[in-house]
Amino acid sequence: VTSSRESHATAGSAARTICIFGAGDHGHVVAEAAELAGLRVLGFFDDRATASPLQRWPLLPTPATFDADTHVIVAIGDNAMREAVTLDLLGRGAILTNVIHPRAFVSPSAIVGAGVFVGPLAVAHTDAKLSDGVIVNSGAIVEHHCIIENFAHIAPGAALAGRVRVGQRTLVGIGASVRPAITIGCDAIIGAGAAVVRDVPDGETQTGVPATTRS
Ligand SMILES: CC(C)(COP(=O)(O)OP(=O)(O)OC[C@H]1O[C@@H](n2cnc3c(N)ncnc32)[C@H](O)[C@@H]1OP(=O)(O)O)[C@@H](O)C(=O)NCCC(=O)NCCS
């Protein structure tokens, strides 16, 4: 997957029409944000879903291969699953697009990869890097010079101080806070409301204030 220095409302490709893989709650959040950002949402791909009356966009058959006109974002909350589905779709020719809510702030100096979602009132500040498949959810703050690696998820209201690094597929839980220049490894989970004051190794789950490893 590619990364590029783009940060505009519809960065990632010039798509005006998109499809969303994943018809669940997160899919609906992404669809609504996409429309507010001026994109046209054709519908959802989701082999597991059945159409429901609450679904505001149609379920579409998932194509075996994708043509150059189909721009897709994978809206699956589980980080490992989002990565696996994204890699599979790329192998079948899909072009990834980003969805940046129009009320998010993404600095012009931020680097934004492909397949990235940034929710309402979220911030990605000066020289931050959001790698491919990253979610910066509602109201989350990714401060200056942070690096968020592929398929990590910064949950609603989490706050990362400057120069924090978050590894691939890591979840920083809702409302967590992370001190400046901390490194959190890959496949880690930071529990809701935790305060991270020391580096976190790969694969660890930490909770509490200050955050400690769960046994
Ligand atoms: C940390 C976490 C992964 C633990 O999940 P779990 O293993 O299923 O935990 P449980 O719900 O079984 O709780 C086990 C114990 O941990 C405590 N606990 C759970 N989450 C906690 C947290 N974030 N901080 C402090 N304690 C926590 C529970 O109170 C419970 O304590 P008890 O045994 O004394 O009753 C999870 O609670 C969490 O915080 N996930 C983040 C969710 C999130 O932000 N998602 C993003 C949504 S967009």
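Whatever order the structure lists ligands and atoms in, that order sets their numbers, starting from 1. Since we're looking at a predicted model, the values are computed, not measured.
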Review point. At a 4.0 Å threshold, what atoms of ligand 1 neighbour a non-hydrogen atom of Gly173?
Key: 44 (O)

Revision key, fill the gap. Salt bridge (charged side-chain N to carboxylate O under 4.0 Å, His left out) filter on Arg56, not counting sequence neighbours, yields Glu32

Exercise for review: Below 4.0 angstrom from a heavy atom of Ala155, which ligand 1 atoms are there? Numbered from 1 as shown, please.
Suggested key: 46 (C)

Review point. Are any of the protein's heavy atoms under 4.0 angstrom from atom 18 (N) of ligand 1, yes or no?
Key: yes

Review point. For atom 30 (C) of ligand 1, is some protein heavy-atom partner under 4.0 Å away?
Key: no

Practice item. Pull out every atom of ligand 1 sitting under 4.0 Å from any heavy atom of Gly191, numbered as shown with elements. Key: 1 (C), 23 (N), 39 (O)

**Study point:** Residue part near ligand 1, for Ala194, under 4.0 Å between non-hydrogen atoms
**Key:** neither

Review point. Could a heavy atom of Gly193 be found less than 4.0 Å from some atom of ligand 1?
Key: no

Point to revise | Heavy-atom donor-acceptor pair, Arg82 side chain to Ile76 backbone, under 3.5 Å | key: yes

**Study point:** Any protein heavy atom nearer than 4.0 Å to atom 39 (O) of ligand 1
**Key:** yes

**Study point:** Heavy atom of protein inside 4.0 Å of atom 7 (O) of ligand 1, strictly below
**Key:** yes

Point to revise | Distance (rounded to the nearest 0.5 Å) between Ile111 CD1 and Asp127 CG | key: 7.0 Å

Check your understanding: Do Asn150 side-chain atoms and Asp132 backbone N/O form a donor-acceptor pair below 3.5 Å?
Key -> yes

Check your understanding: Are any non-hydrogen protein atoms located under 4.0 Å from atom 10 (P) of ligand 1?
Key -> no

Revision key, fill the gap. Here the gap from Leu121 atom CG to Phe105 atom CZ, rounded to the nearest 0.5 Å, amounts to 13.0 Å

Exercise for review: Applying side-chain hydrogen bond (donor to acceptor under 3.5 Å, both in side chains), run through Thr183 and Asp199 and close with a yes or a no.
Suggested key: CA-CA 5 Å; Thr183 294; Asp199 289 355; 4.6 Å; no

Check your understanding: Is the shortest distance from a Lys or Arg side-chain nitrogen in Arg92 or Asp88 to a carboxylate oxygen in the other one below 4.0 Å?
Key -> yes

Study note, to complete from the structure: Nearest non-hydrogen protein atom to atom 42 (C) of ligand 1, with distance, is Leu171 CD2, 4.4 Å

Check your understanding: Only one of Ile18, Val72, Val116 clears side-chain contact (heavy atoms from CB on, under 4.5 Å) with Thr97; which?
Key -> Ile18

Revision key, fill the gap. Result for side-chain hydrogen bond (donor to acceptor under 3.5 Å, both in side chains) between His125 and one of His145, His144, Glu143 points to Glu143

Check your understanding: Short list, please: which atoms of ligand 1 are under 4.0 Å from a heavy atom of Ile174?
Key -> 43 (C), 44 (O)

Review point. Nearest non-hydrogen atom to atom 3 (C) of ligand 1 belongs to which of Ile190, Thr212, Ile189, Val209?
Key: Ile189

Review point. When you look at CG of Asp67, are more than 12 heavy atoms from neighbouring residues, nucleotides or ligands closer to it than 6.0 Å?
Key: yes

Review point. Hey, is ligand 1 close enough to Arg214 that some N/O pair sits below 3.5 Å?
Key: yes

Point to revise | Identity and distance of the protein heavy atom lying nearest atom 25 (C) of ligand 1 | key: Thr207 CB, 4.0 Å

**Study point:** Contact bool for atom 48 (S) of ligand 1 (protein heavy atom, d < 4.0 Å)
**Key:** yes

Exercise for review: Taking the six-membered ring for Trp and the single ring otherwise, decide whether the centroids of Phe117 and His26 are under 6.0 Å apart.
Suggested key: yes

**Study point:** Side chain, backbone, both or neither: Ala192 near ligand 1, heavy atoms under 4.0 Å
**Key:** both

Check your understanding: Hey, are Glu204 and Thr213 close enough side-chain-wise for a donor-acceptor pair under 3.5 Å?
Key -> yes

Check your understanding: Do you see a protein non-hydrogen atom under 4.0 Å from atom 44 (O) of ligand 1?
Key -> yes

Review point. With atoms numbered from 1 as shown, which atoms in ligand 1 lie under 4.0 angstrom from a non-hydrogen atom of Pro156?
Key: 48 (S)

Review point. Protein heavy-atom contact under 4.0 Å for atom 36 (C) of ligand 1?
Key: no

